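For reference, the structure discussed in these notes is given below.
Read the numbers this way: they start at 1 and go in the same order the structure lists the ligands and their atoms. As the structure is a computational prediction, the values presented were derived from the model and not from experiment. Numbers here are sequence positions counted from 1.
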Amino acid sequence: MRKPIIAGNWKMYKTISQAIELANGLKRELYKIDSQDIDIVLCPPFTALTEVGEVIYGSNLQLGAQDLHWEDEGAFTGEVSGLFLKDVGVKYVIIGHSERRQFFGETNASVNKKIKAALRNGLVPIVCVGENLKEREENKTFDVIRDHIENGLKDISQEDAFKLVIAYEPVWAIGTGKTATPSQAQEAQKFIRDLLSKMYNNSVAQDIRIQYGGSVKPENIAELIKQPDIDGALVGGASLKVDSFSAIVKNTLGAE
Ligand code: 13P
């Protein structure tokens, strides 16, 4: 049985004081939830990692970052490494988000190097994959997913593959209010699990958690999480408010 994982990707929102307020609110709202039942991850911007880490220290909430560099240190102006994320108490790191692929030149090759850097530093990679609208309309969804998974996970050993979280985020559903239907998400996520089974083996494929991301809301999480290959959510907009993010967490557990 895979443990559900709900992660909030705060993107480029929340100053330090706003981040502290949100983290405190979530801690208050979610304190009764047993961390044995669900992983809850907050991914604030780099600038607020330390303070959010302090607020949630010792609670059932865990700290995640939104990106990392593939080297541990060096002359890479403006970058943040896995070593430094570890240093501020980060446990998870989002890699290959579609916004990074679209606006910042992220490729499968850089995703691959970043996954290795995260693993080397003991961080759990949340690897994002998914097609855009044009690709879906041209029936290329599975080709794109296969490309992201096969090349993104190139040379990742079976032993390391167990540690990954995959997030299926169809680009056309991100920030648009247009959620993939539970059956569309399930179809893609089953495809991902079958692919992982071929690349590794069934036991690895059955262990890896696959999140859905794209306009997840308190109202749609229950139907999504009921799907056999959806093990959680990567939440953008709805993770920025205490009410909506805590309702998503609670509805995830309620639906099980
Ligand atoms: P929205 O939930 O705002 O659609 O964003 C999804 C996302 O990109 C999470 O990483």
Verify whether one side chain among Tyr200 and Glu159 offers a donor that lies under 3.5 Å from an acceptor in the other. no

Considering only the protein, which heavy-atom contact is closest to [atom], and what is its distance?
| atom | result |
| --- | --- |
| atom 7 (C) of ligand 1 | Glu169 OE2, 3.2 Å |
| atom 2 (O) of ligand 1 | Gly236 N, 2.9 Å |
| atom 3 (O) of ligand 1 | Gly237 N, 2.8 Å |

Quick one: does [X] get a heavy atom under 4.0 Å from ligand 1?
| X | answer |
| --- | --- |
| Ser98 | no |
| Gly213 | no |
| Ala238 | no |

Can a salt bridge be assigned to the pair [X] and [Y] using a cut-off of 4.0 Å between side-chain N and carboxylate O?
| X | Y | value |
| --- | --- | --- |
| Lys190 | Asp194 | yes |
| Asp39 | Lys91 | no |
| Glu138 | Lys140 | yes |

Do [X] and [Y] make a side-chain contact, defined as non-hydrogen atoms from C-beta onward lying under 4.5 Å apart?
| X | Y | value |
| --- | --- | --- |
| Trp172 | Glu135 | no |
| Glu219 | Thr179 | no |
| His97 | Gln102 | no |

Need the ligand 1 atom indices (1-based, order shown) with element for anything under 4.0 Å from a heavy-atom of [X].
| X | result |
| --- | --- |
| Asn9 | 9 (C), 10 (O) |
| Gly175 | 1 (P), 3 (O), 4 (O) |
| Ser215 | 1 (P), 2 (O), 4 (O) |

Stepwise, does the side-chain contact (heavy atoms from CB on, under 4.5 Å) test hold for Ile156 with Lys116? CA-CA 7 Å; Ile156 304 293; Lys116 290 172 184 163; 3.7 Å; yes

Nearest heavy atom to atom 10 (O) of ligand 1: which of Lys217, His97, Glu99, Lys178 does it belong to?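 Among Lys217, His97, Glu99, Lys178, the closest heavy atom to atom 10 (O) of ligand 1 belongs to His97.
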
Please work out whether any backbone atom (N, CA, C, O) or any side-chain heavy atom from C-beta onward of Ala173 is under 4.0 Å from ligand 1, and answer side chain, backbone, both or neither.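 Just the backbone.
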
